[in-house]
Amino acid sequence: MPRPSAQSCRGLSSAAPCSPTESQEAKTPSPSISRQASLETDRVSRDFQEFLKNLKPGREILKQCRVFIDGMANKKDLSAEELSECVQDFYQNMADRLHSHFKGSSERVERVMDQVERYIMTRLYKNVFCPETTDDERKDLAVQKRIRALHWVTIQMLCVPVDEEIPEVSDNVVKAITDIIEMDSKHVPKEKLGCITRCSKHIFNAIKITKSEPASADDFLPTLIYIVLKANPPRLQSNIQYVTRFCNPSRLMTGEDGYYFTNLCCAVAFIEKLDAQSLNLSPEDFERYMSGQASPRRQEPEAWPPEPCGSPALGQVYQSLELLSGLGGRQERVLEGARRLESDLIDWREGVEREVRDILDRYPLDIRPPASAIDSDNVENDRLPPPLQPQVFAG
């Protein structure tokens, strides 16, 4: 999976790149935005404390989170990878404690970890989203410029099985675009993943309505690429990199959120490397379209089902997705085995403790005082032999 990144300045949809002054201004939030962020932080903190009231280890969890956040405030000079490692280590240590407390109940641990992630990442967001030690912003602007240059790519070139002439399909396409754009406004990795998942479900709905049958994975990826090209989401690489660095890893490795996120990463990688062969165009036509010297002629919507459309580049992406899906399944099986082993060890330890207590109850230890030492003070013990007397031998 590619590891994208980035934070760009406001007005990302403008044609001209941001100047250094504009970029610096963009990094300084307006007072209203700062107030809004402060209100959100306060709300999340209250929600977190309210959630922990019902947990026996709630006070200790809150203490550990606060200590971690305070410690991160002194690590602003660390690289993005080091910041990510700090957060991931905290997740792992917290999850281990929770698994021990909840006796291996994965569902309860996951519910608490979701709240922990929401609390700490809301507090840390402004310091770890596109840190200055990275080139995330440059990559962001490069991707946005690339997408603008590909504005001429048509739905037929990507073999997208969607008919936007159908009102319900068009409505789902608009919702998918809105969701992928909304991702930038979220501060928690889980919430950003939620935007990607909702976008993907709207895509599946659009394909299903168009084809009058359930959508396949082969239909989904080209349509996601098309949605990204139409939306040109702000700070796309920044948001992907932020999720990669700071999301609870178990969520990325399993479930629909992880699957859709992997597809988005593949879509962005495809867009970055898209060439004439990817679109079944001649190199000459591709260069003319990219330079703006010509535009492809508008094609009429095709009857359904359309003719098969093959792209070597998309074929390679599909193979990569299949490999990632297999690795994700293997990872989940390993994690499940580890959780079962941990639960078995906890049960074994408790069983041993019970057996020891039962034996002690049945056969209590009779601790007797130590015997007195044999010395000259034991004068009352007449059964002791008389002391040895020194004897002198004449030489």
Side-chain angles (χ1 to χ4, degrees), residues 1-12 17-31 33-38 40-41 44-45 64-94 113 116-146 181-193 195-196 233-249 251-252 261 264-265 268-269 272:
M1 181 194 307
R3 291 195 54 165
S5 41
Q7 170 181 353
S8 62
C9 49
R10 290 174 293 181
L12 282 172
C18 301
S19 66
T21 303
E22 291 172 334
S23 178
Q24 185 62 37
E25 290 175 354
K27 293 181 179 179
T28 305
S30 65
I33 294 178
S34 298
R35 284 195 299 272
Q36 182 179 359
S38 178
E40 181 182 3
T41 300
V44 170
S45 297
Q64 293 296 328
C65 289
R66 285 175 171 171
V67 169
F68 175 72
I69 292 170
D70 291 341
M72 290 291 287
N74 301 321
K75 299 178 180 179
K76 295 180 180 179
D77 294 334
L78 295 183
S79 67
E81 288 70 24
E82 290 170 326
L83 291 172
S84 173
E85 187 175 348
C86 290
V87 173
Q88 296 299 332
D89 286 346
F90 178 78
Y91 285 155
Q92 185 62 53
N93 293 332
M94 179 64 72
M113 288 302 300
V116 168
E117 179 190 281
R118 181 169 179 256
Y119 176 66
I120 67 171
M121 294 316 303
T122 300
R123 298 284 299 272
L124 296 176
Y125 180 79
K126 64 180 181 180
N127 293 329
V128 300
F129 184 85
C130 186
E132 295 182 356
T133 56
T134 68
D135 60 350
D136 291 355
E137 183 175 352
R138 179 188 62 79
K139 293 179 180 178
D140 235 2
L141 293 172
V143 169
Q144 190 178 44
K145 182 179 178 181
R146 173 72 171 173
I181 291 175
E182 185 183 2
M183 175 177 61
D184 185 56
S185 66
K186 305 299 182 181
H187 290 174
V188 183
K190 182 177 184 292
E191 295 175 356
K192 291 183 183 292
L193 286 174
C195 292
I196 299 171
R235 303 193 292 190
L236 178 58
Q237 292 278 30
S238 294
N239 285 290
I240 290 177
Q241 192 72 320
Y242 177 73
V243 171
T244 303
R245 291 168 181 158
F246 302 111
C247 184
N248 187 342
R251 188 175 298 111
L252 288 183
F261 179 73
L264 178 61
C265 293
V268 174
E272 290 176 328

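Keep in mind that the numbers below use all heavy atoms, side chains included, and drop hydrogens, waters and symmetry copies.
- Between C86 and L78, the closest side-chain pair of non-hydrogen atoms falls below 4.5 Å.
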Taking it one step at a time, do I240 and F261 satisfy side chain to side chain contact (heavy atoms under 4.5 Å, CB included)?
CA-CA 8 Å; I240 290 177; F261 179 73; 3.8 Å; yes

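- Checked against salt bridge (Lys or Arg N to Asp or Glu O under 4.0 Å), K190 has no partners two or more places apart in sequence or in another chain.
- For the pair C130 and R235, the minimum side-chain heavy-atom distance is 4.5 Å or more.
- Closest heavy-atom contact between N239 and P234: ND2-O, 3.4 Å.
- For Y242 and Y125, the gap between ring centers is short of 6.0 Å.
- Note that CZ of R245 and CD of Q88 are 11.5 Å apart. Values are rounded to the nearest 0.5 Å.
- For the pair S45 and R123, the minimum side-chain heavy-atom distance is below 4.5 Å.
- A heavy-atom distance below 4.5 Å is found between the side chains of M183 and L236.
- If you take NZ on K76 and OG1 on T133, they are separated by 13.0 Å, rounding to the nearest 0.5 Å.
- Within the 4.5 Å cutoff, the side chain of M121 has heavy atoms near those of the V87 side chain.
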Would V268 and E272 count as a side chain to side chain contact (heavy atoms under 4.5 Å, CB included) here? Give the steps.
CA-CA 6 Å; V268 174; E272 290 176 328; 4.2 Å; yes

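- For Q92, the side chain to side chain donor-acceptor pair (under 3.5 Å) partners at least two apart in sequence or on another chain are D96.
- Take E82 and apply the side chain to side chain donor-acceptor pair (under 3.5 Å) test, not counting sequence neighbours, and it matches S79.
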Side chain to side chain contact (heavy atoms under 4.5 Å, CB included) between L83 and F246, intermediate numbers included:
CA-CA 9 Å; L83 291 172; F246 302 111; 4.2 Å; yes

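- Atom NZ of K192 is separated from atom CD of E182 by 10.5 Å, given to the nearest 0.5 angstrom.
- The CG atom of D140 lies 9.5 Å from the OG1 atom of T134; values are rounded to the nearest 0.5 Å.
- Scored by the side chain to side chain donor-acceptor pair (under 3.5 Å) test, N248 finds S250 as partners (sequence neighbours excluded).
- L264 CG to L193 CG: the interatomic distance, rounded to the nearest 0.5 Å, is 9.5 Å.
- Counted within 6.0 Å of CG on D77, heavy atoms from surrounding residues, nucleotides or ligands total 12 or fewer; the atom is thus considered open.
- For the atom pair SG (C65) and CG (D70), the distance works out to 11.0 Å, reported to the nearest 0.5 Å.
- With sequence neighbours excluded, the residues forming a ring-ring contact (aromatic ring centres under 6.0 Å, His included) with F90 are F68, listed by chain and number.
- Take R251 and apply the side chain to side chain donor-acceptor pair (under 3.5 Å) test, not counting sequence neighbours, and it matches D114, E117.
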